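As structure tokens, the structure follows; a few thoughts come after it.
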2 protein chains.
Amino acid sequence: MSGEHILKAVDEELGRLRERIERMGGLAAGQLEASIQAVVAVDGAAAEGIVRDDEHIDTIEHEVDALVVRMLALRQPVASDLRMVIASLKIASDLERVGDHAKNNAKRVAALAQLPRIPAQGIDRMGRLVLAMLREVLTAYTERDVERATAVWQRDAQVDAVYNSVFRELLTYMMEDARTITACTHLLFVAKNLERVGDHATNIAEQVRFMITGTPETDERPRVETELPGTPY
Amino acid sequence: MSGEHILKAVDEELGRLRERIERMGGLAAGQLEASIQAVVAVDGAAAEGIVRDDEHIDTIEHEVDALVVRMLALRQPVASDLRMVIASLKIASDLERVGDHAKNNAKRVAALAQLPRIPAQGIDRMGRLVLAMLREVLTAYTERDVERATAVWQRDAQVDAVYNSVFRELLTYMMEDARTITACTHLLFVAKNLERVGDHATNIAEQVRFMITGTPETDERPRVETELPGTPY
């Protein structure tokens, strides 16, 4: 192949990589949104679909991994191309875990259906916040927008604050009525899953920044932490 | 540089990469072990040290990332060398998260110290199991031992089974005495952290296998799941 042909092949493969990440991101965000709705509405049929569909995300992650190994071996990209390849590998891993968290939320719906109903507005609010962060960081990836990525990174402290309030609310229900304990522990884990998705969105924001600027995020990520006994971390 | 010199440079850098992963693995396993002991003994001073030391693991992860990008850009490794570079990048990410889980366990000790004591033998047993898996997979990495890695991969089902029994035990305490609820929720999250460490050990096992054989793990990972309401996932 001539030099020009090789460059064209690299561009095509980078495009294919970006397309895979975007598709994976869309699926992961869709699964997450559906899982939050299924938990809030205690919708068992929807939850089963979410558990089933998780494998599509896993399949794309394997495709990304294979494409990355192939590109590194055959095209030996450098500079910003290399950073995009490395960042895509890491972002795929984060998105796969977002899918896992959505699946874990969905699996809890079958148990919740057989237990007393717990008000889940806090979960709903936290879910919307985290979903908005995830969608925003995926847009930052597509549009190669560092400022947008940095803004997502800074919003993680909000998620921690909402998580703390959801945690306290669920503890209160459990203490007031022991019959709610099992359902509340499931919702505690749903809240924890959402908090982890917020962490993955900030990881992706860091990768988008690295991909575009070549410099890793250095400031300590903003966090809300309290020292009261019984507060979550 | 002559061809021979380049090969020597590649070998030296691969050695440095392996040395970093081994050091990171040793630190992560040490932090995990200390965090389990701190939770079981409710040892606040030990817990503070664990939280402080987590940054050492993060620092090595950044070194690994930088070394990987440098090697891919300058040495353009192929075949088994390339697989080792990619696997090391992913293993570093898993070890960083193991460190995070140890730190999260440790952070809960300050809260546990102000709450009623809960028997934590289940946590202790689960912790030993997960720690043994992690140490075993690190040995598999160092000795490039596929069989050892596969054996770790197969043990993840045991962790899920112990997790389920710990979860049920903690639910029972909470239902019997509402004053234990806050402490028990902290221990539930410690158990969840340990379960996640088991997942990271199996991820590392898959990377060791890929690194040595070039083929990804294809069989569905063994899992214990039950359909009773109130059982964890």
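If you're wondering where the values come from, they're calculated on a predicted model, not measured in any experiment.
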Give, for atom [atom1] of [X] and atom [atom2] of [Y], the distance between the pair rounded to the nearest 0.5 Å.
| X | Y | atom1 | atom2 | value |
| --- | --- | --- | --- | --- |
| A/Asn203 | B/Ser93 | CG | OG | 8.0 Å |
| A/Met174 | B/Met174 | CE | CE | 6.0 Å |
| A/Leu188 | B/Leu188 | CG | CG | 8.0 Å |

Taking side chain as C-beta onward, heavy atoms only, is [X] less than 4.5 Å from [Y]?
| X | Y | result |
| --- | --- | --- |
| A/Val78 | B/Gln76 | yes |
| B/Thr182 | A/Met175 | yes |
| B/Asp65 | A/Lys90 | yes |
| B/Ile181 | A/Tyr173 | no |

Next on the checklist: Before you tell me yes or no, could you show the steps for B/Arg97 and A/Arg97 under side chain to side chain contact (heavy atoms under 4.5 Å, CB included), namely the whole-Å CA-CA distance, both residues' side-chain angles and the distance that decides it to 0.1 Å?
Outcome noted: CA-CA 12 Å; B/Arg97 284 167 208 237; A/Arg97 284 168 208 235; 3.5 Å; yes

Under a 4.5 Å heavy-atom cut-off, does chain A meet the side chain of [X], its backbone, both or neither?
| X | answer |
| --- | --- |
| B/Asp100 | neither |
| B/Ile86 | side chain |
| B/Arg196 | side chain |
| B/Leu74 | neither |

Checklist entry - Quick one: what part of A/Leu170 sits under 4.5 Å from any heavy atom of chain B, side chain, backbone, both or neither? => result neither

Next on the checklist: Just to verify, what does A/Arg83 make a salt bridge (Lys or Arg N to Asp or Glu O under 4.0 Å) with, not counting sequence neighbours?
Outcome noted: none

Item to check | Set of residues satisfying salt bridge (Lys or Arg N to Asp or Glu O under 4.0 Å) with respect to B/Asp177, sequence neighbours excluded | outcome: B/Arg179

Item to check | Candidate pair B/Thr185 and A/Phe167, rule side chain to side chain contact (heavy atoms under 4.5 Å, CB included), full reasoning | outcome: CA-CA 10 Å; B/Thr185 57; A/Phe167 189 97; 3.8 Å; yes

Next on the checklist: For chain B, which candidate among A/Leu82, A/Leu112, A/Val85 shows the most heavy-atom pairs at distances under 4.5 Å?
Outcome noted: A/Leu82

